[in-house]
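Only a predicted model underlies this, so the values are computations on that prediction, with no experimental measurement involved.
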There are 2 protein chains.
Amino acid sequence: MLRVTPQRQAILALINRSNVHWDAEELARELVQSGQAVGIATVYRGLSALEGAGLIASVQLGDRKRYERIDKSHHDHLVCTECGSLEEFVQPEIERLQAQVAEEKGFRMLNHQLLLFGICYACDNHDSNQDLDKGKKI
Amino acid sequence: MLRVTPQRQAILALINRSNVHWDAEELARELVQSGQAVGIATVYRGLSALEGAGLIASVQLGDRKRYERIDKSHHDHLVCTECGSLEEFVQPEIERLQAQVAEEKGFRMLNHQLLLFGICYACDNHDSNQDLDKGKKI
DNA sequence: ATGCTAATGATAGTCATTATCACTATCAGT
DNA sequence: ACTGATAGTGATAATGACTATCATTAGCAT
């Protein structure tokens with residue numbers, strides 16, 4: 001049922017090629033620049049389909065949804081509210097405790113999302129830099 | 001600067017009166033029914049102001065933001081993707097490990113959000129009930 | 001009581017995402 | 001390879017949650 005199209009291949013390739021956390025608009029812009037423009041609606045549908053197929057993963061950040069490549073290992077995110085950057089981390093013990101909580105509550109956990117909001121090292125140590133004020137807030 | 005108005009008192013009272021996780025629309029509807037109608041824009045501003053003042057808390061769920069009363073203790077949420085219900089839980093060890101991760105990364109954590117998505121006990125054991133299909137998906 | 005200014009509320013606007021729809025492309029079965 | 005069923009595309013309209021605007025109202029510091 002899920003068809004392989006040039007548009008989806010382009011989207012998938014771009015996401016798998018880097019550690020960037022893309023949102024639909026950024027991805028569409030990048031595809032235009034690389035000469036393989038894809039309609040914005042198709043980008044949204046493609047991202048949704050690829051996520052459904054387990055080929056990419058997503059992080060819901062406020063009103064925006066960002067997509068990233070799939071790692072071998074699940075990870076969570078540190079979100080800098082100054083510059084919008086996402087940093088990844090892995091903490092197996094947290095994962096284990098989450099599963100344990102769900103188990104205790106009779107809750108069949110399918111998924112989870114852990115976001116730590118705050119100021120990243122770079123922003124915390126260079127906040128005299130006025131340029132950073134232009135960074136997107138979350 | 002933050003003024004006390006009947007509208008905000010009504011909003012605060014409603015949220016503090018129950019364990020319900022309200023969103024702006026639901027709250028506005030409830031206020032209309034209780035005879036103290038408040039403009040939808042005022043509800044949004046009131047919720048934001050009350051959260052800023054530390055009188056209520058919020059959980060960002062997909063595209064919607066829900067508000068809840070402040071407990072003595074921080075808690076996280078189990079989100080049922082079948083019926084949309086929110087269940088709360090506390091796991092101090094997870095909290096501690098989060099702080100430790102941030103510390104190690106040189107990240108100044110200000111806040112966090114942990115959501116466990118899945119099927120709650122009620123939905124998991126009564127999914128033959130067709131009515132549940134009408135439940136709002138997250 | 002008075003005035004400064006925050007708050008209200010009706011409504012218009014914003015913005016990310018989804019639906020629509022005519023058309024195109026994939027792919028399974030011949 | 002041909003072809004039909006149907007999934008995908010893309011331009012654009014629609015949706016829906018939230019925010020801005022602005023004239024008017026109302027806390028609250030003095």
At less than 4.0 Å, is any side-chain N or O atom of A:R64 found next to OP1 or OP2 of C:dA16? Yes or no.
yes

Between B:A24 and B:V4, which is nearer to the 5' end of DNA chain D once each is assigned its nearest nucleotide?
B:A24

So if I take every side-chain heavy atom of B:P6 and compare against C:dT17, C:dG9, D:dG27, which nucleotide ends up nearest?
D:dG27

So which nucleotide from C:dA25, D:dG10, C:dA10 ends up closest to the side chain of A:R45?
D:dG10

Please determine if a side-chain N or O atom of B:Q7 lies less than 4.0 Å away from the OP1 or OP2 oxygen of D:dA26.
no

I need the single residue from A:L31, A:L55, A:N16, A:T5 that forms a side chain to side chain contact (heavy atoms under 4.5 Å, CB included) with A:I11. Which is it?
A:L31

Given 3.5 Å as the limit, does a donor-acceptor pair link the side chain of B:R66 with the main chain of B:H21, or not?
yes

Any side-chain N or O of B:T5 less than 4.0 Å from the OP1 or OP2 oxygen of D:dA26?
no

Any B:R8 side-chain N or O less than 4.0 Å from OP1/OP2 of C:dT8
yes

Which part of the nucleic acid does A:T42 contact within heavy-atom distance under 4.0 Å: base, sugar-phosphate only, or nothing?
base

Verify side-chain contact (heavy atoms from CB on, under 4.5 Å) between A:Q60 and A:Q113, making sure each step is shown before the conclusion.
CA-CA 8 Å; A:Q60 177 82 43; A:Q113 177 166 292; 4.0 Å; yes

With a 4.0 Å cut-off, would you call A:E51 and A:K65 a salt bridge?
yes

Just to confirm, is there a sub-4.0 Å distance from OP1 or OP2 of C:dT17 to any side-chain nitrogen or oxygen of A:Y44?
yes

Tell me which nucleotide among D:dA26, D:dA11, C:dG9 gets nearest to the side chain of B:V38.
C:dG9

